[in-house]
Amino acid sequence: MLYNFLPHALQYLLASYLSPQPPPTTSSSLTFSLRHEYGLNDASRTVFADTPPSAQLSAQTFTVDTSNVRTHKLRSQYSSASARLRGSRSDFSTWDEDEIIGPNVSDRNTLVTLAKMTSNSYYNGSGDKGWYDLGPEWNSSYPFGWEPDADGFRGHIYATPDNSTVVISVKGTSAGWMVGGGGPTQKKDKLNDNLLFSCCCARVGPTWWTVCDCFQGNNKCDQNCLEKSLVEDSLFYSVGTNLYNNVTYMYPDSDIWMIGHSLGGSLASLIGVTFGVPAVAFEAPGDKLAASRLHLPLPPSLQHITHVYHTADPIPQGACTGVSSPCALGGFALETRCHLGKVIRYDTVSKLGWSVSSRTHGILYVIEDLLSKDYDWSDDEGGESGEDRQKLEVPRFTEENECTDCFQWEFGEFRNLSTTGGSCGQ
């Protein structure tokens, strides 16, 4: 009887120690299950809810193929954070290189499973319509941010049975035209979208309500103001770094992966860069400009960051712009197109004849109409043609090294630094 009065997390840990453990395996795949839900309360604090042990017995699981991933981590996260808050652009030349188990992103089934885990972040639990069953390997998850009054950052945390690997899935933007429904997080989602992925505070036109006061007229934007606007504790990047620290406290010996869709994908990527952990982002707006404004020191290699998107979706390409675009009509200024790390770009326009439309942005559309289909993405780059060409179930990796965002804007110090508040519209 005393067992029933213990917290769910402690019940789970006791059960994992007392139950017979399967023999160690050398398989190149991992199995995950839902352990927690998480989210942001009114005080901008990350809160957790545990999945009851009784629910975990019948929970869905997710199996993912793995591969070795090489990452780089700063030896001192404290000095990195301090320099970013001071606005310093110090040269962080000391990195620790590590090789960990990460997702095999060249495998289509792995991408499908990660996308389903990401999709589930839009739902409270397995009882919700739209929830994907991930199988016995990934079904312990802990949701976060699903309290009735929670209106911000939320998602799920998955773990393998032995806690060797933990996946943090971050929910993207809740907007009716994007994912089929709005919700209580829509206002804060829009604020973070417009701060992170617009050129200047979502200044699209003179009638727009901007999210910060950095516009200086004539396509000029104050750079110091922009950078200060992104470091408030209530904004999703800061919340995400706190969440990561909380998870590493709960799972100190685990490998951590970050995944997400749209806004959640860009946040997963930025957190992956910050802490040197694998991240997979689906249909995410360009995050390279946000990383620069956040003063994130970039490691020698970003091969642990993967962006997945298709060419019929205008949002990751920075093409959902203009006063008559669905983004603008919804109040979003998603103008960036340059991504960190490696990119898996599905050319659905040329190869599948898809039309460019924001309706293809939703993660359900990506799963059901793209990733779940057995298309051949081979091309002529390998020098083979005809019957000799090897079928590719996932497009080749590319990088967006020559990409430039917001080239029509001029950024600099256009006003007195003492008056640069960088306030965000709430």
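Quick caveat, the model's predicted, so the values are computed rather than measured.
Distance alone, capped at 3.5 Å, places no donor-acceptor pair between the Lys288 side chain and the Cys403 backbone. The backbone N or O of Ala328 lies less than 3.5 Å from a partner atom in the side chain of Ser325, making a donor-acceptor pair. Judged by distance alone, with hydrogens and angles left aside, the side-chain atoms of Asn194 form a donor-acceptor pair with the main-chain N or O of Ala333 at under 3.5 Å. Under the 3.5 Å distance criterion, the side-chain polar atoms of Thr306 are left unmatched by any main-chain donor or acceptor of Lys342. A donor-acceptor contact shorter than 3.5 Å is absent between the side chain of Ser121 and the backbone of Gly155. Side-chain atoms of Asn219 come within 3.5 Å of backbone atoms of Gln408 as a donor-acceptor pair (strictly under, hydrogens ignored). Between the side chain of Thr274 and the main chain of Leu270, a donor-acceptor pair closer than 3.5 Å is present. In this structure, the side chain of Thr66 engages the main chain of Ser28 through a donor-acceptor pair within 3.5 Å. Side-chain atoms of Asp376 come within 3.5 Å of backbone N or O of Leu392 as a donor-acceptor pair.
Between Thr110 and Val105, the closest side-chain pair of non-hydrogen atoms is not below 4.5 Å. At least one side-chain heavy atom of Ser229 sits less than 4.5 Å from a side-chain heavy atom of Leu195. Residues Phe275 and Asn245 form a side-chain contact, since some pair of their non-hydrogen atoms from C-beta on lies under 4.5 Å apart. Between Trp257 and Leu30, some side-chain heavy-atom pair lies under the 4.5 Å cut-off. Val170 has its side chain out of reach of Phe236: every pair of non-hydrogen atoms, C-beta onward, lies at least 4.5 Å apart. Contact check for Tyr237 versus Leu296: side-chain heavy atoms found under the 4.5 Å cut-off. A heavy-atom distance below 4.5 Å is not found between the side chains of Ile315 and Phe197. Residues Cys406 and Leu289 have side chains in contact (heavy-atom distance under 4.5 Å, counting atoms from C-beta outward).
The pair Arg70-Glu99 meets the salt-bridge criterion, since a charged nitrogen lies less than 4.0 angstrom from a carboxylate oxygen. A salt bridge links Lys391 to Asp374: one of the charged nitrogens lies within less than 4.0 Å of a carboxylate oxygen.
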>> Could you walk me through whether Asp405 and Arg337 satisfy the side chain to side chain contact (heavy atoms under 4.5 Å, CB included) test, starting with their C-alpha distance in whole Å, then the side-chain angles of each, then the deciding distance to 0.1 Å, before giving a yes or no?
In response: CA-CA 7 Å; Asp405 279 317; Arg337 63 190 181 93; 3.4 Å; yes

> Which is it for Ile367 and Thr118 under the side chain to side chain contact (heavy atoms under 4.5 Å, CB included) test, yes or no, and what are the steps along the way?
Replying inline: CA-CA 10 Å; Ile367 293 170; Thr118 300; over 6 Å; no

>> Please evaluate residues Asp193 and Leu334 with respect to the criterion side chain to side chain contact (heavy atoms under 4.5 Å, CB included), reporting the C-alpha separation (whole Å), side-chain torsions for both, the decisive distance (0.1 Å), and the verdict.
In response: CA-CA 7 Å; Asp193 273 319; Leu334 304 177; 3.8 Å; yes

>> Please evaluate residues Tyr365 and Trp354 with respect to the criterion ring pair (Phe, Tyr, Trp, His ring centres under 6.0 Å), reporting the C-alpha separation (whole Å), side-chain torsions for both, the decisive distance (0.1 Å), and the verdict.
In response: CA-CA 12 Å; Tyr365 194 99; Trp354 289 12; 5.4 Å; yes

>> Test side chain to side chain contact (heavy atoms under 4.5 Å, CB included) on Glu283 and His310; report intermediate values, then the result.
In response: CA-CA 7 Å; Glu283 308 299 319; His310 63 84; 3.2 Å; yes

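A cation-pi arrangement is present between Lys190 and Phe332 under the rule of less than 6.0 angstrom and at most 45 degrees off the ring axis.
Once rounded to the nearest 0.5 Å, the distance linking NE2 of His72 with CG of Leu302 reads 9.5 Å. Put simply, CG on Asp107 and CG on Asp65 are 4.5 Å apart, with the number rounded to the nearest 0.5 Å. With rounding to the nearest 0.5 Å, the separation of CG in Leu226 from CZ in Phe411 is 6.5 Å. Distance check, rounded to the nearest 0.5 Å: NE2 of His339 to CG of Asp287 gives 6.0 Å. How far CG of Leu114 is from OG of Ser119: 12.5 Å, rounded to the nearest 0.5 Å. In this structure, OG1 on Thr160 lies 9.0 Å from OH on Tyr251, to the nearest 0.5 angstrom.
Checked against Tyr346 for a ring pair (Phe, Tyr, Trp, His ring centres under 6.0 Å), the options Phe282, Trp377, Tyr375 give a single hit: Trp377.
The two atoms that bring Gly265 and Ala281 nearest to each other are O-CB, 3.3 Å, heavy atoms only. Between Ser262 and Ala284, the shortest heavy-atom contact is O-CB, 3.5 Å. Nearest heavy atom pair, residue Ile100 against residue Pro278, reads CD1-CD, 3.4 Å.
The aromatic rings of His156 and Tyr158 lie tilted to each other, with the angle between the two planes from 30° to 60°. Between His261 and His361, the angle of the ring planes lies from 30° to 60°, which puts this pair in the tilted group.
A side-chain donor from one of Asp347 and Thr311 sits under 3.5 Å from a side-chain acceptor of the other.
The sulfur atoms (SG) of Cys212 and Cys225 lie 2.5 Å or more from each other. With 2.5 angstrom as the limit on SG-SG distance, Cys214 and Cys200 do not come in below it. With 2.5 angstrom as the limit on SG-SG distance, Cys201 and Cys221 do not come in below it.
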